[in-house]
Amino acid sequence: MKFGGTSVADADKIRAAAKRAVRTQKQGHQVVMVVSAMGKTTDHLEDLASQVMRNKPAPKREWDQLMVTGEQVTISLMAMAIEEMGSAAISFTAGQIGMVTDDRHTKARIKTIAAGKIHKELDSGKIVIIAGFQGVTEEGHMTTLGRGGSNVTLVAIAAAINAEVCENYTDVDGVYTADPRVVPNARKINKISYDEMLELASLGVNVLHNRAVEFAKKYNVPIHVRNSAHSKKGTMIVAATESMERIVVSGAALKEELARVSLTKVPDRPGMVARVFHTMARHDVMVDDIIQTVNDDKTTASLSFTVDLAEFNDAKKVCDKLAKTLKCNVSYDDSLSKVSVVGVGMRVHTGVAEKMFSALADAKINIENITTSEIKISCMIDRSDGKKALRLVHDAFELGGKKKKKTKKVAKKKAKKTAKKKK
Ligand code: ADP
Ligand code: ASP
Ligand code: MG
């Protein structure tokens with residue numbers, strides 16, 4: 001069971017989560033809990049770091065060292081709450097549980113988990129509580145898995161201990177057809193495939209981290225996303241079934257904070273693109289969509305790619321230098337967003353792109369870049385149009401339910417009424 005920040009935001013919520021774990025254990029299960037930092041703690045820590053570091057970004061190792069403290073507060077409080085309820089519990093940090101990652105600070109990847117220790121404690125009747133989001137390198141440095149990374153910890157642990165169920169408790173009832181905070185008529189999805197969820201998570205649906213879904217798919221761990229405030233069923237994320245393909249579009253997503261780097265007049269020679277992205281990888285910049293076109297002169301190409309706004313400063317530093325070495329031009333746009341629709345049904349249905357482009361065009365929203373995969377279509381747009389665009393495409397695909405058309409009966413009744421009035 002994983003409890004996100006809002007689900008452990010204060011003492012009462014910690015006690016409620018503890019109660020749920022104890023109840024589950026009493027029903028005959030062994031329980032592992034993964035917890036996030038309380039409420040907005042991670043944001044506050046980030047803010048503190050930027051108050052100290054006024055002119056430079058924080059050193060990444062120290063940023064991680066600071067961030068991991070948030071989850072450590074929750075694990076011990078959770079263990080205390082469970083002990084007070086008369087059950088046995090033990091809390092662990094990543095280092096104590098052997099959650100080893102690589103050394104890419106702020107976006108580390110899990111390499112191994114020493115599951116033996118977890119099993120030992122479970123077998124002795126304890127509820128095991130593990131700090132989410134954090135890892136430790138082989139040399140003993142603290143790392144983090146990227147913001148929102150506690151559910152990566154959850155799925156990795158579930159896979160390592162061969163858990164029967166993997167429950168992600170959060171502040172919404174499940175995965176919705178779009179972010180319910182932005183789209184009021186969004187609907188809860190009962191079941192969704194790993195592939196769709198993976199696309200949605202990568203495209204801005206932050207209810208789950210995309211690496212959590214990647215893990216879940218790889219190890220075939222079903223994830224149940226549900227609300228910590230009640231016991232109703234949420235959304236099951238599972239392998240695709242044939243019936244899922246009947247639905248053309250399952251969800252819409254908005255990734256708000258994107259920036260684009262455009263390199264123009266890049267000499268059109270074999271090896272150029274490889275060189276650009278080798279440099280980006282060497283500097284640990286995560287690149288999103290890449291678009292390359294050869295210019296009419298057939299000797300130069302235009303290359304553009306997007307990065308998360310959080311990576312923009314790193315990308316800019318690297319690309320300024322790169323443009324000088326390659327003798328090409330570089331320009332930047334840091335006010336972009338990406339709106340997308342996702343559905344496995346796109347594999348077998350047509351007309352999806354047209355419907356999406358028309359919805360945006362009708363509202364006079366300019367599409368800057370388009371990228372597609374077998375199961376998604378994404379349009380890059382200006383950030384000021386982002387939320388509106390999400391609502392528009394959500395409506396265009398009737399994800400909030402069918403638009404109410406006046407049935408003949410209703411129309412007839414109305415006609416009768418007006419006729420009466422006239423009389
Ligand atoms: P937690 O603290 O539990 O990890 P998060 O804030 O990280 O919770 O994720 C839950 C939030 O994700 C929701 O409150 C919701 O606003 C947002 N969200 C964005 N898109 C979706 C979606 N399609 N379905 C459900 N939640 C979504
Ligand atoms: N506390 C971390 C964050 O806010 C990790 C998480 O909650 O998933 O990003
Ligand atoms: Mg989260």
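Both counts, for ligands and for their atoms, begin at 1 and track the order of listing.
Taking only non-hydrogen atoms, the option from Asp179, Val175, Ile189 nearest to atom 21 (C) of ligand 1 is Asp179.
A donor-acceptor pair shorter than 3.5 Å can be found between the side chains of Asp47 and Gln51. Side-chain atoms of Glu46 and Thr42 include no donor-acceptor pair closer than 3.5 Å. Side-chain atoms of Ser378 and Ser340 include a donor-acceptor pair closer than 3.5 Å.
Of the protein's non-hydrogen atoms, Val207 CA, 3.7 Å is the one closest to atom 9 (O) of ligand 1. At the shortest separation from atom 8 (O) of ligand 1 among protein heavy atoms lies Thr170 OG1, 3.2 Å. The nearest protein atom to atom 6 (C) of ligand 2, hydrogens excluded, is given as Ser150 OG, 3.4 Å; this is a heavy-atom distance. From the protein, the heavy atom lying nearest to atom 16 (O) of ligand 1 is Arg181 NE, 2.7 Å. With hydrogens left out, the protein atom closest to atom 4 (O) of ligand 2 is Arg147 NH2, 2.9 Å, a heavy atom. Among protein heavy atoms, atom 7 (O) of ligand 2 sits closest to Ser36 OG, 2.9 Å.
Heavy atoms of Ala178 come nearer than 4.0 angstrom to ligand 1 in at least one pair. The shortest heavy-atom distance from Gly4 to ligand 2 is not under 4.0 Å.
Residue-level proximity to ligand 1 for Ser7 is absent, since no heavy atom of it falls below 4.0 angstrom. In Glu71, the part holding a heavy atom less than 4.0 Å from any atom of ligand 2 is the side chain.
Taking any N or O of Asn151, backbone or side chain, none lies under 3.5 Å from an N or O belonging to ligand 2. Distances between N or O atoms of Gly148 and those of ligand 2 include at least one value under 3.5 Å. In terms of N/O distances under 3.5 Å, ligand 2 is not approached by Lys2. Taking any N or O of Gly5, backbone or side chain, at least one lies under 3.5 Å from an N or O belonging to ligand 1.
At distances below 3.5 Å, not a single donor-acceptor pair connects side-chain atoms of Arg347 with backbone N or O atoms of Glu374. The backbone N or O of Leu258 sits less than 3.5 Å from a side-chain atom of Arg383, completing a donor-acceptor pair.
Every atom of ligand 2 is numbered from 1 in the order shown, and the set under 4.0 Å from a heavy atom of Thr42 is 1 (N), 2 (C), 3 (C), 4 (O). Taking every heavy atom of Phe133 and a limit of under 4.0 angstrom, the matching atoms of ligand 2 come to 2 (C), 5 (C). Against a heavy-atom cut-off of under 4.0 Å, Gly174 is close to the following atoms of ligand 1: 24 (N), 25 (C). If you number the atoms of ligand 1 from 1 as listed, the ones under 4.0 Å from a heavy atom of Asn206 come out as 7 (O), 9 (O), 12 (O), 17 (C), 18 (N), 19 (C). Heavy-atom proximity to Asp171, at under 4.0 Å, picks out these atoms of ligand 1: 10 (C), 11 (C), 13 (C), 14 (O). Set against the non-hydrogen atoms of Tyr176, the atoms of ligand 1 under 4.0 Å away are 22 (C), 23 (N), 24 (N), 25 (C). The contact set between ligand 1 and Lys2, taken as ligand atoms under 4.0 Å from a residue heavy atom, comprises 4 (O).
Here the closest non-hydrogen pair linking Leu198 and Asn210 is CD1-O, 3.3 Å.
Inter-residue side-chain proximity for Ile377 and Phe357 is flagged as met; some heavy-atom pair is nearer than 4.5 Å. Side-chain contact between Met33 and Phe3: present, with at least one pair of heavy atoms (C-beta onward) separated by less than 4.5 Å.
No option in Val152, Val155, Leu145 other than Val152 meets the side-chain contact (heavy atoms from CB on, under 4.5 Å) test with His209.
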Gln30 vs Asp123, side chain to side chain donor-acceptor pair (under 3.5 Å): CA-CA, chis, key distance, verdict:
CA-CA 8 Å; Gln30 292 187 320; Asp123 292 343; 3.1 Å; yes

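Summarising the geometry, atom CD1 belonging to Ile129 is positioned 13.0 Å from atom OG1 belonging to Thr93; distances are rounded to the nearest 0.5 Å.
Ring geometry, Tyr332 versus Phe312: the interplanar angle exceeds 60°, so the pair is classed perpendicular (tilted spans 30 to 60°).
When the shell of 6.0 Å around CZ of Phe277 is examined, it contains more than 12 heavy atoms from other residues, nucleotides or ligands.
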